[in-house]
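Sequence positions, counted from 1, serve as the residue numbers for this chain. Excluded from the calculations below are hydrogen atoms, water molecules and symmetry mates; all remaining heavy atoms, backbone and side chain alike, are included.
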Amino acid sequence: MGITQWPIIGPVAALLRRAFIKEPPFTWSPARVGPPFEWLDYAHIRMQNGPLAGRELELKTEVFDTKANVYVSVDDKQIARTYIERDPPGKGIVLWDIAVKEQYRRQGIASIMTYVGFRELLSIQETAFFKIRMMRLMKPGDKNIELQNVGIGVIGNRLGFTPEFDVNKILRPDNITGLEILPPKGDFPPSFKIVIRTFPLVLIAFVLDADTLKPVDDFRTYVKLTKDESVIFDWVRRGLIVIGNGNYWLRRDGLDQFVNHLATDEFEAKVFRRRVRGA
């Protein structure tokens, strides 16, 4: 008679992890995702500083079985929207598209939508894992290659997401075969086109300011970095260069950063942390 083997899941797995894996204690250290604002009611906020200081924004959140959407309107006119997949329903939360009208870009609207959408789903799910899907495959010889996903890339970096790619492997100097600076275009900053020997062959990346974690607009910074490819590798490792055409994951080493940006107090941070870990 055989022995039935039951999978160890849920609370049992969490108990074993706590028993045998020593982890540093969680430290409550609140931080903002985007610009400060105040809630006027469930669907309206007032911006507190920046170009939109004093303006009221209407937020509409929709949650369905397989998706969630967040919309922002000013004076009854929609100016931005965010699409999230719930894949699988009730567990996975995949941010995959953010759009903001040109005159409202780089003013924190995308950050606010992400904050609202993630909090809404975390409040109704008992477990959750997070991804950001930005994958766009290109060939080295493709024309009209340009930077995309700036806002979503900055948000992911600020929330503790890390690339799905093994950047320590694919951006080793001996794996880089070409490096080109792409000029700024519209509201987008300059960027790097990095050609590598391995999948996905082409990476489009942009640089963050070490102090503000906002995109660097100074073309000279890019020129300086191209003088030593090993410096680019180091900046990627430090999270100061964001890959704009790759997927991102929220891994355990980014969890505390994530919940500290989303929670409004220490108790809520611990609840969010438990739900993301599945403990």
Heavy-atom pair with the smallest gap, counting every atom of His261 and Tyr115:
O-CE1, 3.7 Å

Please report the C-alpha distance between Asp87 and Thr66 in whole Å, then the side-chain angles of each, then the deciding distance to 0.1 Å, and finally whether the side chain to side chain donor-acceptor pair (under 3.5 Å) criterion is met.
CA-CA 6 Å; Asp87 182 21; Thr66 60; over 6 Å; no

Can you tell me how far CD1 of Ile132 sits from CG of Leu95, rounded to the nearest 0.5 angstrom?
5.5 Å

For Arg86 and Gln125, run side chain to side chain donor-acceptor pair (under 3.5 Å): C-alpha distance rounded to whole Å, both residues' side-chain angles, the deciding distance at 0.1 Å, then the answer.
CA-CA 11 Å; Arg86 304 182 71 195; Gln125 295 186 192; 3.1 Å; yes

Look at Glu85 together with Lys131 and state whether they make a salt bridge at an N to O cut-off of under 4.0 Å.
no

Which heavy atom of Asn247 sits nearest to which heavy atom of Met134, and what is that distance?
OD1-N, 2.9 Å

Take atom CG of Asp41 as the centre, draw a 6.0 Å sphere, and report whether it contains more than 12 heavy atoms from other residues, nucleotides or ligands.
yes

d(Ile109 CD1, Met47 CE) to nearest 0.5 Å is 5.0 Å

Side-chain heavy atoms of Ile204 within contact of Leu182, under 4.5 Å
yes

Do Asn69 and Ile84 make a side-chain contact, defined as non-hydrogen atoms from C-beta onward lying under 4.5 Å apart?
no

Determine yes or no for a side-chain-to-main-chain donor-acceptor pair under 3.5 angstrom, with Arg119 supplying the side chain and Leu262 the backbone.
yes

So, do Ile194 and Glu180 sit near enough that their side-chain heavy atoms are less than 4.5 Å apart?
no

ILVMFWY cluster, Phe199 and Val167 together (side-chain gap under 4.5 Å)
yes

Under 3.5 Å, side chain of Arg46 to main-chain N/O of Glu38, donor-acceptor pair present?
no

Taking Leu213's backbone N and O only, do any of them form a donor-acceptor pair with Arg158's side chain (distance below 3.5 Å, no angle check)?
yes

So, the side chain of Glu120 versus the backbone of Val116: is there a donor-acceptor pair under 3.5 Å, distance only?
no

Do you reckon Val72 sits in the same ILVMFWY cluster as Ile45, going by side-chain contacts under 4.5 Å, direct or chained?
yes

Classify the ring geometry between Phe258 and Phe130 as parallel (under 30°), tilted (30 to 60°) or perpendicular (over 60°).
tilted

For salt bridge (charged side-chain N to carboxylate O under 4.0 Å, His left out), just list the numbers for Lys60 and Glu62, CA-CA rounded to whole Å, side-chain angles, deciding distance to a tenth of an Å, and then say yes or no.
CA-CA 7 Å; Lys60 178 182 178 182; Glu62 300 175 334; 3.4 Å; yes

dist Leu201:CG -> Ile170:CD1 (nearest 0.5 Å) comes out at 10.5 Å

For Leu171 and Leu203, work out which heavy atoms get closest and say how close.
CD2-CD1, 3.8 Å

Over 12 foreign heavy atoms within 6.0 Å of CH2, Trp249
no

From OH (Tyr42) to OG1 (Thr61), nearest 0.5 Å
5.0 Å

Identify the two heavy atoms, one from Leu208 and one from Gly239, that lie closest to each other, and give their separation to 0.1 Å.
CD1-O, 3.7 Å

How long is the span from the OG1 atom in Thr162 to the CG atom in Asp253, to the nearest 0.5 Å?
5.5 Å

Do Pro35 and Ile112 touch side chain to side chain, with heavy atoms closer than 4.5 Å?
yes

Same cluster (ILVMFWY, side-chain, under 4.5 Å), Leu52 and Leu40
no

Please check if the side chain of Asp97 supplies one atom and the backbone of Thr82 the other of a donor-acceptor pair under 3.5 Å.
no

Please determine whether a side-chain nitrogen of the Lys or Arg among Glu164 and Arg251 lies less than 4.0 Å from a carboxylate oxygen of the Asp or Glu.
no

Kindly list each side-chain donor-acceptor pair under 3.5 angstrom involving residues 137-155, sequence neighbours excluded, with atom names and distances?
from: Asp142; atom 1: OD2; to: Lys139; atom 2: N; distance (Å): 2.8
from: Glu146; atom 1: OE1; to: Lys185; atom 2: NZ; distance (Å): 2.7
from: Asn149; atom 1: ND2; to: Gly244; atom 2: O; distance (Å): 2.8

Has the side chain of Tyr71 got a donor or acceptor atom that lies under 3.5 Å from a matching backbone atom of Ile79?
no

Going only through I, L, V, M, F, W and Y residues with side-chain contacts under 4.5 Å, is there a path from Val276 to Val94?
no

Please determine whether the number of non-hydrogen atoms from other residues, nucleotides or ligands lying under 6.0 Å from atom CZ of Arg238 exceeds 12.
yes

Going through the distances and angles, do Asp218 and Arg220 end up as a salt bridge (charged side-chain N to carboxylate O under 4.0 Å, His left out)?
CA-CA 5 Å; Asp218 187 1; Arg220 292 171 298 181; 3.1 Å; yes

Does a sphere of radius 6.0 Å around CZ in Phe267 hold more than 12 heavy atoms from other residues, nucleotides or ligands, not counting ones at 6.0 Å or beyond?
no

With a 4.5 Å heavy-atom cut-off, do Phe129 and Pro88 have their side chains touching?
yes

Under a 3.5 Å distance rule, please check whether Arg106 uses its side chain to pair with a backbone N or O of Asp187 as donor and acceptor.
yes

Do the side chains of Val74 and Glu58 get nearer than 4.5 Å, heavy atoms only?
no

Counting distance only, does the side-chain N/O of Thr177 pair as donor-acceptor with the main-chain N or O of Val195 below 3.5 Å?
yes

What is the distance from atom CG of Asn260 to atom CZ of Arg32, rounded to the nearest 0.5 Å?
14.0 Å

Parallel, tilted or perpendicular: which one describes the rings of Trp96 and Tyr83, with boundaries at 30° and 60°?
tilted

Would you say the rings of Phe192 and Phe206 are close, in the sense that their centroids are separated by under 6.0 Å?
no

For residues Ala269 and Val259, report the shortest heavy-atom separation together with the two atoms involved.
O-CB, 3.9 Å

Parallel, tilted or perpendicular: which fits the ring planes of Phe37 and Trp39, with parallel below 30° and perpendicular above 60°?
perpendicular

Would you say Pro190 and Pro184 make side-chain contact, with heavy atoms under 4.5 Å?
yes

Can you name the nearest heavy-atom pair linking Gly246 to Tyr248, along with the distance?
O-CD1, 3.3 Å

Arg197 side-chain N/O to Asp174 backbone N/O, donor-acceptor pair under 3.5 Å
yes

Under 3.5 Å: donor-acceptor pair, side chain of Asn245, backbone of Val202:
yes

